[in-house]
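Presented below is the structure to which this report refers.
Remember, it's a predicted structure, so these values are computed and weren't measured experimentally. Any value given below was found using the heavy atoms of this structure, including those in side chains, with hydrogens, waters and symmetry copies removed.
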Amino acid sequence: MRIGVPKEIKNHEYRVGLTPGAVREYVAHGHEVIVQTGAGAGIAADDDAYRAARARIVDTAEEVFATAQMVVKVKEPQPGEWVQLREDQILFTYLHLAPDPEQAKGLQASGVTAVAYETVADARGHLPLLAPMSEVAGRLSIEAAGTALKAVNGGRGVLIGGVPGVQPARIVVLGGGVVGTHAARMAVGLGAEVTIIDRSIPRLRELDELFQGRVRTRVSTLESIEHEISEADAVIGAVLIPGASAPKLVMRPMLKLMKPRAVLVDVAIDQGGCFETSHATTHAEPTYEVDGVIHYCVANMPGAVPLTSSHALNNATLPYGLALADRGYAAAEADAGLMAGVNVRGGKIVNKVVAEALGVAG
C-alpha cells in the first residue's frame with residue numbers, strides 16, 4: 001500500500017503523522033511511503049531523515065492526497081484537505097467529529113474510510129491511541145494553568161506551588177481518567193493543593209490509593225463542583241465520553257462563584273468542551289476572559305511539544321496503522337477494537353456514538 005504523510009496545517013501544529021522510525025517499519029512491511037517536504041520539521045526530522053528511512057519526498061500536500069491509498073495525519077483534516085480525500089482511501093488520524101458537523105459532512109461527501117485515533121479501543125475497552133496525547137495534554141494543562149495564572153497574562157498572580165509561609169494554588173480537576181490523573185500528578189509535584197472530582201466511586205478509590213492521600217477526592221455532584229470551583233485558583237476540565245460531546249459541567253452562572261481572574265483549562269475542548277463558556281482557541285491566542293475568569297481552550301495542546309508528542313503517538317498508532325496498511329479495511333473487520341475507530345465509511349457515519357452525537361443516522 002502507498003502511505004501518505006502530509007504536513008500538518010492547523011494553527012501551530014508541529015506534530016507529524018509518521019516519524020522516520022515509523023516510516024522504516026512501514027517500508028519493512030513492503031509498503032511505499034510518501035512524505036510532503038518539511039512535514040517533520042517540527043520534530044527536527046528533515047527530508048534527508050525521511051529519505052534515509054526510504055520514504056519518497058514530494059513537494060505538495062496535493063501530491064500526497066492524490067496518490068496515497070492511506071493518509072496518516074495527526075489532526076483532523078481541514079476544509080482544504082477533506083475535499084482532496086476520495087472513496088478508495090483510508091484516513092487515519094484524530095477526527096473528534098462530535099462537535100464538528102462540517103468536518104463530518106466533508107468526510108461523508110468524500111466517501112473516504114476515516115479511522116479516528118480517539119475511538120480505537122483495546123480488549124479492555126480502553127482508548128490506546130488517545131491515551132498518549134491525553135497524558136501529554138494532562139501534564140501540559142498544569143503548565144498552561146500556571147502561565148495563565150500569572151498577573152502579566154491576566155491571571156490572579158498565584159504561583160502554583162506557593163513558597164514557605166504562603167498558600168499554594170488550589171487546583172480542581174474535573175475527571176479522574178488519563179488526562180485528570182496526569183494533571184493531578186503534575187500539580188501535586190509542583191506543590192499545589194489538588195482536588196479530583198469524578199462520578200465513579202471505584203475510580204476515586206483508585207486515585208486515593210495512587211496518590212496516597214496527597215489529593216482530595218470528591219464524587220461529582222452539582223454541589224461538590226460549585227463548592228470546589230468557588231475555592232479554586234485553576235480548574236482543569238478533563239472529562240471524556242468516548243466519541244461523544246463532552247458534558248457541560250460548569251455553566252456560565254457558576255463563573256460568578258469563582259475567584260476573580262481564576263483560570264479554566266478545558267482539555268476536553270476537542271470534544272466540544274466541558275465548560276459552557278468554552279470555545280476553541282489556538283496557541284497563537286490561547287486565552288480569553290468571560291465574567292472575570294480566564295479561559296484556556298487550545299484545541300491541539302500536545303502540538304506545543306511535538307517531539308515528545310509525535311514519538312508517543314507513533315509508538316501507540318504504529319501496530320494499528322501497519323494492520324490497516326497490510327490488510328486494508330479487512331483489518332478493521334477482523335478487529336472489533338479497530339472497527340470502533342471507523343467513524344466514516346461509504347458516505348455514512350458508522351460509529352454509533354459519533355452518529356448519535358451528531359444527530360444523524362448511522
Side-chain angles (χ1 to χ4, degrees), residues 1-8 15-75 77 81 84-95 107 110-123 128-129 132 306 309-346:
M1 184 179 284
R2 185 177 301 111
I3 314 302
V5 183
K7 186 175 182 178
E8 296 293 325
R15 289 173 289 181
V16 64
L18 293 180
T19 64
V23 169
R24 288 187 63 185
E25 298 297 322
Y26 278 87
V27 172
H29 275 240
H31 304 295
E32 178 187 359
V33 181
I34 56 175
V35 178
Q36 183 184 353
T37 184
I43 64 166
D46 60 16
D47 291 348
D48 285 341
Y50 282 98
R51 291 189 183 98
R54 297 176 60 192
R56 179 163 62 90
I57 303 300
V58 299
D59 290 332
T60 66
E62 287 75 15
E63 292 176 83
V64 173
F65 284 100
T67 60
Q69 295 165 288
M70 181 166 79
V71 176
V72 180
K73 283 176 44 60
V74 178
K75 290 305 292 178
E81 294 176 315
Q84 299 182 65
L85 296 166
R86 60 181 190 273
E87 186 175 351
D88 61 346
Q89 279 179 326
I90 295 173
L91 172 66
F92 192 38
T93 189
Y94 286 114
L95 293 177
L107 294 179
S110 74
V112 74
T113 295
V115 183
Y117 295 157
E118 72 273 10
T119 60
V120 171
D122 63 19
L129 309 192
S309 297
S310 295
H311 285 285
L313 180 61
N314 273 246
N315 289 343
T317 59
L318 183 60
Y320 294 92
L322 287 175
L324 288 168
D326 290 345
R327 302 182 60 192
Y329 183 68
E333 293 179 312
D335 182 342
L338 186 53
M339 181 61 80
V342 181
N343 282 200
V344 184
R345 180 169 170 80

Among V5, D47, V72, find the one that has a side chain to side chain contact (heavy atoms under 4.5 Å, CB included) with V35.
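Only one of V5, D47, V72 forms a side chain to side chain contact (heavy atoms under 4.5 Å, CB included) with V35, namely V5.
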
Any side-chain to backbone donor/acceptor pair from [X] onto [Y]? Under 3.5 Å, distance only.
X: Y329; Y: I90; answer: no
X: S110; Y: L107; answer: yes
X: T93; Y: K75; answer: yes
X: E8; Y: V74; answer: yes
X: E81; Y: F65; answer: no
X: T37; Y: D59; answer: no
X: N314; Y: T19; answer: yes

Criterion side-chain contact (heavy atoms from CB on, under 4.5 Å) on L324 and L338, from CA distance to verdict
CA-CA 9 Å; L324 288 168; L338 186 53; 3.9 Å; yes

Yes or no on side-chain contact (heavy atoms from CB on, under 4.5 Å) for Y320 and Y117, after CA distance, side-chain angles and deciding distance?
CA-CA 9 Å; Y320 294 92; Y117 295 157; over 6 Å; no

Would you indicate whether the side-chain heavy atoms of M70 and H31 approach each other to under 4.5 Å?
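Counting from C-beta outward, H31 and M70 never come under 4.5 Å.
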
So do P77 and L91 actually touch side chain to side chain, heavy atoms under 4.5 Å?
yes

If you round to the nearest 0.5 Å, how far is [atom2] of [Y] from [atom1] of [X]?
X: I34; Y: R56; atom1: CD1; atom2: CZ; value: 5.5 Å
X: M339; Y: R345; atom1: CE; atom2: CZ; value: 8.0 Å
X: L313; Y: Y94; atom1: CG; atom2: OH; value: 4.5 Å
X: T60; Y: Q36; atom1: OG1; atom2: CD; value: 6.5 Å
X: I43; Y: H311; atom1: CD1; atom2: NE2; value: 4.5 Å
X: I3; Y: T67; atom1: CD1; atom2: OG1; value: 11.0 Å

Shortest non-hydrogen contact from [X] to [Y]?
X: A323; Y: A331; value: O-CB, 3.3 Å
X: A316; Y: P128; value: CB-O, 3.6 Å
X: P6; Y: A61; value: CB-CB, 4.4 Å
X: A49; Y: P20; value: O-CB, 3.9 Å
X: L95; Y: A116; value: CD1-CB, 3.7 Å
X: A340; Y: N343; value: O-ND2, 4.0 Å

Before giving the answer on side chain to side chain donor-acceptor pair (under 3.5 Å), spell out for R15 and S310 the whole-Å C-alpha distance, their side-chain angles and the decisive distance to 0.1 Å.
CA-CA 5 Å; R15 289 173 289 181; S310 295; 5.8 Å; no

Take a 6.0 Å sphere around [atom1] of [X] and say whether it holds more than 12 heavy atoms from other residues, nucleotides or ligands.
X: E333; atom1: CD; result: yes
X: R86; atom1: CZ; result: yes
X: R2; atom1: CZ; result: yes

